[in-house]
Amino acid sequence: MPTLFQQRVYEAIGRIPKGQVTTYALLARHVRCGSARAVGQALRHNPFAPKVPCHRVIAADLRIGGFCGARDGTQIRRKRALLATEGVTFDAKGRLADPARVFRF
DNA sequence: CGTCCTGGGAACG
DNA sequence: CGTTCCCAGGACG
């Protein structure tokens with residue numbers, strides 16, 4: 001069962017418009033959390049697997065970041081694919097192609 | 001209350 | 001640009 005903190009995080013993620021992404025830092029800030037890592041932890045537990053577009057959350061340095069507890073691997077590939085579907089693309093270096101697609105709360 | 005965990009972030013070289 | 005160090009916070013026992 002989701003904790004209050006997680007609900008806040010998921011809710012925030014749910015507000016991310018399609019085609020845009022957010023960073024853990026911004027997200028953490030939005031939930032008034034001083035640490036992005038805590039947010040990542042919540043996302044990692046992600047009880048609402050596909051329901052919560054956790055793939056829309058990237059790192060503050062505009063990198064893909066991790067996904068499902070993995071910083072690289074097939075799952076990251078899935079994340080990239082999902083984002084690509086929404087128009088969010090990353091360059092070969094793994095950086096966000098369009099920094100403008102970062103959604104600011 | 002104490003311990004371990006975190007998909008990160010910021011700073012420094 | 002790459003590497004290193006760090007804090008903050010949350011969940012869990």
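Because the structure is a prediction, the values reported are computed rather than measured. Within every chain, numbering begins at 1; the chains are lettered A, B, ... in the order of the sequence lines, protein sequences first and strands thereafter.
- In this model, no side-chain donor or acceptor of R44(A) finds a partner on the base of dC5(B) within 3.5 Å.
- The separation between R71(A) atom CZ and dT3(C) atom C1' is 13 Å, rounded to whole Å.
- Distances shorter than 4.0 Å separate none of the side-chain N or O atoms of S35(A) from OP1 or OP2 on dC7(C).
- Closest to the side chain of A59(A), out of dG7(B), dG8(B), dC5(B), is dG8(B).
- In the region residues 84-105 of chain A, proximity to DNA chain C at under 4.0 angstrom, judged on heavy atoms, holds for none of the residues.
- Put simply, the side chain of Q75(A) and the base of dG7(B) share no donor and acceptor less than 3.5 Å apart.
- In this structure, V9(A) is a member of the same hydrophobic cluster as F48(A), with clusters built from ILVMFWY side-chain heavy atoms closer than 4.5 Å.
- Placement of V39(A) and F103(A) within a single hydrophobic cluster is found when ILVMFWY residues are connected by side-chain heavy-atom separations under 4.5 Å, directly or transitively.
- For the pair I58(A) CD1 and dG9(B) P, the interatomic distance rounds to 9 Å; values are reported in whole Å.
- Residue contacts shown for T3(A) are limited to sugar-phosphate atoms, with no base heavy atom under 4.0 Å away.
- With the nearest nucleotide of DNA chain C identified for both A36(A) and R63(A), R63(A) has the one nearer the 5' end.
- Base engagement by V57(A) is indicated by at least one non-hydrogen atom pair under 4.0 Å involving a base atom.
- Of the candidates dT6(B), dG9(B), dG7(B), dT6(B) carries the atom nearest the R37(A) side chain, counting heavy atoms from C-beta on.
- If you check every strand for non-hydrogen atoms under 4.0 Å, G69(A) touches a base.
- Straight-line distance from the CG atom of L26(A) to the C1' atom of dA10(B): 15 Å, rounded to whole Å.
- Look at OH on Y24(A): it is 13 Å from C1' on dG9(B), rounded to the nearest Å.
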Dot-bracket encoding per residue of DNA chain B, Watson-Crick/G-U cut-off under 3.5 Å, | denoting interstrand: ||||||.||||||
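- With rounding to whole Å, D72(A) atom CG is found 11 Å from dG8(B) atom P.
- In this structure, R8(A) places its CZ atom where more than 12 heavy-atom neighbours from other residues, nucleotides or ligands lie under 6.0 Å away.
- The nearest whole Å value for the distance from the NZ atom in K79(A) to the C1' atom in dG7(B) is 6 Å.
- dT6(B) atom P lies 16 Å from atom CG of N46(A), rounded to whole Å.
- What separates CG of L43(A) from P of dG8(B) is a distance of 10 Å, to the nearest Å.
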